[in-house]
Amino acid sequence: METTSIRLTIRNLPDHFDRTRISAILDEIELALLEERDIHCSTSADSFTITIVVPTLQLVDVATCLKGIGLI
């Protein structure tokens with residue numbers, strides 16, 4: 001299965017995300033994708049970015065979900 005990595009800059013996250021609780025943000029992303037679109041993903045973060053790895057075939061659904069929770 002081919003995957004696509006989506007990278008989001010932490011400093012550009014919307015205000016309703018608590019940047020001091022990155023692990024909670026990662027959990028929220030994973031839960032939203034699983035519950036709303038039945039998409040399994042992996043998430044990680046470093047000091048500057050959040051990375052979301054998703055199946056390439058579900059990229060449109062991922063983008064729709066991320067837009068729904070205000071990330072894009």
Side-chain angles (χ1 to χ4, degrees):
M1 171 189 331
E2 292 186 28
T3 60
T4 298
S5 296
I6 300 168
R7 289 183 178 82
L8 306 171
T9 306
I10 292 172
R11 72 170 183 247
N12 292 336
L13 291 174
D15 290 337
H16 66 278
F17 288 99
D18 184 355
R19 291 175 191 89
T20 64
R21 300 186 57 214
I22 296 300
S23 62
I25 295 171
L26 298 179
D27 290 344
E28 184 175 342
I29 292 167
E30 289 181 17
L31 188 61
L33 288 169
L34 186 59
E35 287 184 347
E36 294 178 23
R37 300 290 176 157
D38 196 30
I39 296 171
H40 296 271
C41 70
S42 72
T43 58
S44 61
D46 60 26
S47 299
F48 301 102
T49 60
I50 291 174
T51 302
I52 308 163
V53 179
V54 297
T56 301
L57 291 175
Q58 294 177 302
L59 196 53
V60 172
D61 289 333
V62 170
T64 301
C65 184
L66 294 179
K67 184 176 180 182
I69 61 174
L71 284 175
I72 58 173

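Atom set for the values below is all heavy atoms of this structure, side chains included, hydrogens, waters and symmetry mates excluded. No experiment lies behind these values; they were computed from the predicted model shown.
Nearest approach of Gly70 to Pro14, heavy atoms of both residues: O-CG, 2.8 Å. Taking each heavy atom of Arg7 and Thr51 in turn, the nearest pair found is CG-OG1, 3.7 Å.
Residue Leu57 places its CG atom among 12 or fewer non-hydrogen atoms of other residues, nucleotides or ligands, all under 6.0 Å distant. Other residues, nucleotides and ligands place no more than 12 heavy atoms under 6.0 Å from the CZ atom of Arg11. Within 6.0 Å of atom CG in Asp15, 12 or fewer heavy atoms from other residues, nucleotides or ligands are found, so the atom counts as exposed in its surroundings.
A distance of 4.0 Å separates CD of Glu36 from SG of Cys65, quoted to the nearest 0.5 Å. One finds the OG1 atom of Thr4 at 7.5 Å from the CD atom of Glu2 (value rounded to the nearest 0.5 Å). Rounding to the nearest 0.5 Å places CZ of Arg21 at 10.0 Å from CD of Glu28. Interatomic distance, Arg19 CZ to Asn12 CG, rounded to the nearest 0.5 Å: 8.0 Å.
When only modelled atom types and interatomic distance are considered, Thr64 and Asp61 share no side-chain donor-acceptor pair under 3.5 Å.
Contact of the Cys41 side chain with the Glu30 side chain is registered, since non-hydrogen atoms from C-beta on lie closer than 4.5 Å.
By the 4.5 Å side-chain criterion applied to Ile, Leu, Val, Met, Phe, Trp and Tyr, Leu33 is assigned to a cluster that also includes Ile6, Leu8, Ile10, Leu13, Phe17, Ile22, Ile25, Leu26, Ile29, Ile39, Ile50, Ile52, Val54, Leu59, Val62, Leu66, Ile69, Leu71, Ile72.
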